[in-house]
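Note sheet for the following structure.
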Amino acid sequence: MAAPFRTQADEAGAIQPVRLWDPVIRLTHWGIALMVLANAVLTEGGSRIHVWAGWAGLALLLLRLVWGLVGTAEARFSAFPPNPAAALRHLVRLARGRVEEYPGHNPAGAAMAYALWATLAVLMASGIWMTGGKSPMQLDAQRAAVAAGDWSVMVAEDRRDDDKALGDAVEEVHEVAGNLILFLVLLHLVGVVAESRALRRNLVLPMLFGPRE
Amino acid sequence: MTEPVAKAKTGVTRRLSNALVAFLVVQSLAAVFFVGDVIGDLIADPGSTHFITEALVTLVLVMGVVFGAVALRRTVEQMQAQQTALAVASGALAEVIGAQFAAWGLPPAERDVGFLALKGLDVAGIAALREAAQGTVRAQLTRIYAKAGVSGRAQFAAFFVEDLLGQGLPVDPA
C-alpha cells in the first residue's frame, strides 16, 4: 500500500520529491524577483519608489539569509554549500541530458543562488551609499524639509559629497551590478528550462505553489 | 477514513505557517527600515534617549524576526511530520486490514476483492479490474461477508471504521 515516504511519479516514471519549496523561500524568491524587475525596468533610478523597493528587497534578502541559518532543511546553507567544481560537473551532465535528482538545490542552482545573493548585496550596498546611508523615511523627511523651504539639509549633503570621484565609482558599481543581475536572471531562467527538460518535470510549479497535497 | 481528519489538521498547520510567513515578512520589512533609521540617528546624535530607545526597540524587533523564523521552521517541520505520519498511518491501516482478513481465513482472491470493496469500488468496477465476471465477484463478496459475520458492505466497512474511531477491534469478530 502507501509507502511511508511520499513521492510522486509522473508518466516518465521520474520520482519527484514533494517537499519543495517552503513558504519563506517562495515568498522571498518572488518578492526579490519582483523588486529586481521593478527597479531594473519600471522605476526611475534614484526616485523615491526605487529606493523604497530597494530597501524592501534588502529586508527580503536579509530574511532569506536568516532563514538560511535557522530555516528548513532545504533552505539552510549547509544543505547546499558553494561548490564550483560540483556545479561545473552538474552543467556538463545537464548538457548531456543526464542529470541526477537532488533533494533541494542542485550544485549549479546553488552556485546561481550565491551569485544572485552576492550581486544583490553589492547592488544594495552601493545603492545605500548613493543615498548617503539614509533610510527611505529619512529621505522623505528631508524632501519634505526642502519643500518647506529648509535648505540646510542640502548644504550638509554637499559637504559630504565632496569626494566626487568615489561617488562616481560607486554609481558605476551600482549600474554594472544592475546589468549583471539581469544577466544572471536570464541565465537562471535558461538553467531552469534546461533542468526541467532533462528531469521531465516542471521546476517552476514547486517554486510557485510549494509541496503538492 | 482517517484522512479527512489528518488533512484538516495539516490544513490548520498550513494556514498557521502561511500566517507566520506573512507576519515574518512584515516584521523583516519593519526591522530593516528601523535599522536604517537607527543608523541615521547614530550618525546624528548617538547619546540621545531617542536613539537609545529606538535602538532597543529595533534590537527586540530583529530578535523577534529570528525567533519567528525558528518558530516557523518548527511549524513547517511539524507539517511535514504530519504528512509522513498520515502516509504511515494509511500504510498501517492496510496492515491491520490484511491481518484481519487473514484471521477470517480469506484466500488471496477474496482478500483482493475485500480491499477493493473497502476502497469503495462497486461490483462492476471490481469485476473490470480483476477481469472477472460480475457474478464471481458477487459470490466472493457474499463469502467475505459471511466469514466476517457482517450483513453487507456497509457493515463490512463499518467494521474497520470502528477501529479508527478509537474503540479498537471487537474481541470476537464472528
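Just so it is clear, the structure is predicted and the values come from calculations on it, not from any experiment.
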Mind checking whether Trp117(A) and Phe80(A) have parallel, tilted or perpendicular rings, split at 30° and 60°? tilted
From CA spacing to verdict: side-chain contact (heavy atoms from CB on, under 4.5 Å), Val123(B), Leu141(B): CA-CA 9 Å; Val123(B) 172; Leu141(B) 281 172; 3.9 Å; yes
Residue selection (most heavy-atom pairs with chain A, distance under 4.5 Å) from Asp37(B), Val21(B), Leu24(B), Val70(B): Asp37(B)
Toward chain A, the part of Leu20(B) with a non-hydrogen atom under 4.5 Å: neither
Please flag which part of Val25(B) lies under 4.5 Å from any non-hydrogen atom of chain A: side chain, backbone, both or neither. both
Euclidean distance, Leu37(A) CG relative to Thr43(A) OG1, rounded to 0.5 Å: 10.0 Å
Parallel, tilted or perpendicular: which one describes the rings of Trp104(B) and Phe160(B), with boundaries at 30° and 60°? perpendicular
Given heavy-atom pairs under 4.5 angstrom as the criterion, report whether the side chain, backbone, both or neither of Leu29(B) touches chain A. both
Kindly check if the number of other-residue, nucleotide or ligand heavy atoms within 6.0 Å of CZ (Arg143(A)) is above 12? yes
Is it the backbone or the side chain of Val65(B) that comes under 4.5 Å from a heavy atom of chain A, or both, or neither? side chain
Largest heavy-atom contact set with chain A, pairs under 4.5 Å, which of Ala30(B), Ser28(B), Ala31(B): Ser28(B)
Report which part of Arg76(A) has an atom under 4.5 Å of a heavy atom belonging to chain B: side chain, backbone, both, or neither. side chain
Go through the atoms of Trp55(A) and report whether side chain, backbone, both or neither lie under 4.5 Å from a heavy atom of chain B. both
I'd like to know whether the aromatic ring centres of Trp21(A) and Phe209(A) sit less than 6.0 Å apart in this structure. no
